[in-house]
Amino acid sequence: MTLEQQDKQYVLQTYARDYTNFVKGIGSTLYDENGKDYIDFASGIGVNSVGHGNDILTSALCEQAKNIIHISNLQVIEPQAKLAQKIVELSGYDMGIFFANSGAEANEGAIKIARKYGETKFDNKRYKVITLEHSFHGRTITTVKATGQESFHTPHFSPYPDGFSYEKSIEDVYKAIDDETIAVLIELVQGEGGVQPFEKEEIQKLAAHLKSEGILLIVDEVQTGVYRTGEFLASNLYEIEPDIITLAKGLGGGVPIGAVMTKHKEILVAGDHGSTFGGNYLSSAAGLAVLEVLYPLYESGNIDETLIYFSQKLEDIVSKYNHLFDKEVGLGLMRGLRAKSAEIQGSIIKNAMQEGLIILKAGRNTVRFLPSITISKNEIDEGFKRFEKVISTL
Ligand SMILES: *Cc1c(COP(=O)(O)O)cnc(C)c1O
């Protein structure tokens with residue numbers, strides 16, 4: 001039985017999978033079972049923030065695994081407390097953190113905090129959450145309903161929870177607010193929706209308005225968080241102070257972890273929320289190691305250099321191949337090329353694997369780049385060399 005047959009027989013077929021069998025990764029280079037190398041411009045959809053085989057991360061994991069992997073949240077967990085402190089300090093926000101295991105779960109926590117806040121702080125119960133079209137917030141029944149893409153709300157899984165509505169633009173959010181609205185949930189750069197950043201002024205204006213109305217601003221930083229946009233949080237880059245922020249993807253460097261942080265520390269009390277695995281010894285140790293790797297790179301200006309270098313490469317591509325791409329989009333190391341058509345996008349993604357390059361799609365016609373934050377200039381050069389090879393045949 002081949003690996004593909006085994007997968008097809010025993011694993012539920014919920015993904016349109018590629019069957020390259022990767023067996024080893026070093027930095028931003030992956031190797032398949034035949035020894036062929038691939039430049040990794042996807043980092044496991046923004047997860048492998050410190051690349052593959054990072055020494056600090058792997059030693060921290062091995063050491064932690066030898067001591068304790070897991071004890072329940074009924075006991076205090078030293079690395080979890082340390083990680084919470086570190087995240088709060090790096091963010092600069094006076095917040096408390098709850099740890100979960102994924103982005104969707106972090107967003108579930110955010111919605112629970114908002115709903116309870118809406119019950120306790122107002123005379124009438126406020127429960128409605130406004131999100132944006134083209135957003136993505138997860139795959140649980142609630143977060144799929146929070147996702148502003150009709151194609152996700154298939155009748156297969158109905159009924160969905162009430163209280164979610166979607167607006168076309170930030171401007172439309174103002175009009176949608178009513179006396180049952182408790183929160184606005186947004187990504188600052190829509191990732192899955194097409195790597196589309198919002199204007200800083202527009203977000204600052206919205207944040208100020210929500211604050212004056214007593215409505216919560218929830219920022220989904222599952223993809224933008226942990227230096228992806230060049231700052232620790234995209235909220236730092238936009239210079240706003242959200243009420244609630246969610247994190248996941250890049251935080252554990254590949255070990256599953258999610259986090260919801262809020263300045264309303266008093267809302268959730270014992271018994272309101274929980275998770276068996278959330279923030280256990282292993283995932284918290286991973287988070288600490290990731291931040292230990294990335295913070296010095298941020299401090300030294302290395303992350304800035306990398307994202308400027310990467311951005312320059314994309315600009316060169318757009319000017320050289322303006323028959324294929326309209327423009328480059330995104331922020332930091334969360335980038336995209338807006339292809340002239342969905343067909344162009346599709347052929348690029350398909351042919352890239354052949355040339356030894358891993359890239360992603362986003363939205364209808366965006367080719368997406370989510371390299372690890374630690375990617376080297378050599379790997380960027382090699383990746384774009386391969387990318388040009390792919391597109392020169394189109
Ligand atoms: C990936 C993603 C999620 C979902 O995270 P999971 O870990 O897959 O549950 C939620 N929000 C955003 C913005 C994401 O990019």
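Whatever order the structure lists them in is the order used to number ligands and atoms, beginning at 1.
Below 3.5 Å of separation, one finds no N or O of V222 facing any N or O of ligand 1. Geometrically, ligand 1 and F136 share a nitrogen or oxygen pair separated by less than 3.5 Å.
Close contacts of ligand 1 with N107, meaning ligand atoms under 4.0 Å from a residue heavy atom, involve 10 (C), 11 (N). Within the listing of ligand 1, atoms 5 (O), 6 (P), 7 (O), 9 (O) sit less than 4.0 angstrom from a heavy atom of G103. Every atom of ligand 1 is numbered from 1 in the order shown, and the set under 4.0 Å from a heavy atom of D220 is 10 (C), 11 (N), 12 (C), 13 (C). Annotation for ligand 1: atoms under 4.0 Å from non-hydrogen atoms of E187 are 13 (C). Near A104, the atoms of ligand 1 lying under 4.0 angstrom from a non-hydrogen atom of the residue are 4 (C), 5 (O), 6 (P), 9 (O). Heavy-atom contacts of S102 reach the following atoms of ligand 1: 7 (O), 9 (O) (cutoff under 4.0 Å).
A salt bridge does not link E328 with R338: every distance from a Lys NZ or Arg NE/NH1/NH2 to an Asp or Glu carboxylate oxygen is 4.0 Å or more.
Between F384 and F369, the ring planes lie parallel to each other; the angle is under 30°, not in the 30° to 60° tilted range.
Note that atom 5 (O) of ligand 1 has protein non-hydrogen atoms nearby, at separations under 4.0 angstrom.
D272 is listed as a side-chain neighbour of K116, based on a closest heavy-atom distance under 4.5 Å.
Ring to ring, Y117 and Y127 are not that close: their centroids are 6.0 angstrom or more apart.
Heavy-atom contacts from other residues, nucleotides or ligands closer than 6.0 Å to CZ of F152 number more than 12.
For the 3.5 Å distance criterion, the side chains of S372 and S28 qualify, holding a donor opposite an acceptor.
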### Task
Could you please spell out the steps behind the ring pair (Phe, Tyr, Trp, His ring centres under 6.0 Å) verdict for Y31 and F22?
CA-CA 6 Å; Y31 299 87; F22 292 111; 9.4 Å; no

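Across K249, Q223, H137, heavy-atom proximity to atom 1 (C) of ligand 1 is greatest for K249.
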